[in-house]
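A short write-up of the structure that comes next.
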Amino acid sequence: MENIDLTKIDKVERIQRPTREVFYRDFFFRSKPIIITEAMSDWRALSLWTPDYLKSVIGTVLLPIAVSSNGIFPCDPEKGWSSTCYEEMEFRNYIDLISLKNELKKTYYLQHKSIPEKFPVLANDLEYPEYFNKNNTTMNLWIGSGGNFTPIHYDFAPNFLAQVKGQKQVVLFPPTESARLYPLPLHSENANLSRVNIDKPDLQKLTA
Ligand SMILES: O=C(O)CCC(=O)C(=O)O
């Protein structure tokens, strides 16, 4: 993020695999984000999920892949989520495409695909953390070509992010800041989406 002074942002606390009781009491019920370390140490995915392995087990699954010319998904947040463009391709072709990395002219994102529904074979490589129930949780796969940027938004359900490969930067805002995040109109399908580009905030526009 170019214009943000990262030293002024509070760091999210890290804690090594707390008990369920501590997790709910000290974090979940206080709406306090937390980085849990060692939570994935028994996941087979960590060693198993290479591009070749994934191609061999789910290579022929046909998927809508989000495409963006500016790395932002959706590329015009003012127009909302439905402005995202998709290209349909088999998973193996997607992996081959994004392995071209620097040669790519566009940015690609496999977003929010249910693992149990679309890729049931992969569910064996994960362990549900002890903090939530399998029955009322969805588990989704996200794979990006690199440098992908999802605009600030609000999710209606609590989230666990499990990073299997690569890295992701997450910036969180407390609910008290919602009004300052210029959400799109209430009662639209984009009410959970902010108009602020945190990467390049347009201060003229926001104060106008
Ligand atoms: O990781 C991302 O790019 C977005 C994730 C997200 O929006 C979500 O899990 O709801």
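Counting starts at 1 for both ligands and their atoms, following the listed order.
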Hey, what do you get for CG (Leu100) to NZ (Lys105), rounding to the nearest 0.5 Å?
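Reported value, rounded in 0.5 Å steps: 10.0 Å.
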Residue and atom name of the nearest protein heavy atom (relative to [atom]), distance in Å to one decimal:
atom                    : result
atom 9 (O) of ligand 1  : Asn159 OD1, 3.3 Å
atom 1 (O) of ligand 1  : Lys168 NZ, 2.5 Å
atom 10 (O) of ligand 1 : Asp155 OD2, 2.6 Å

May I ask you to decide if the ring planes of Phe23 and Phe28 are parallel, tilted or perpendicular, using 30° and 60° as cut-offs?
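Ring orientation of Phe23 relative to Phe28: tilted.
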Describe, in one word, how the ring planes of Tyr109 and Phe73 are oriented to each other, choosing from parallel (under 30°), tilted (30 to 60°) and perpendicular (over 60°).
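Geometry flag for Phe73 against Tyr109: perpendicular rings.
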At a non-hydrogen distance cut-off of under 4.0 Å, which region of His153 contacts ligand 1 (side chain, backbone, both, or neither)?
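Side chain only.
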Side chain, backbone, both or neither: Phe73 near ligand 1, heavy atoms under 4.0 Å:
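Answer for Phe73: neither.
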Provide the number and element of each atom of ligand 1 under 4.0 Å from a heavy atom of Tyr109.
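It comes down to these atoms of ligand 1: 1 (O), 2 (C), 3 (O).
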Please check if any side-chain donor atom of Trp49 sits under 3.5 Å from a side-chain acceptor atom of Asp125, or the reverse.
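Looking only at side-chain atoms, Asp125 and Trp49 do form a donor-acceptor pair, the distance falling under 3.5 Å.
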Looking at side-chain heavy atoms only, is the closest gap between Glu127 and Met40 below 4.5 Å?
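Result no, sub-4.5 Å side-chain heavy-atom pair not found.
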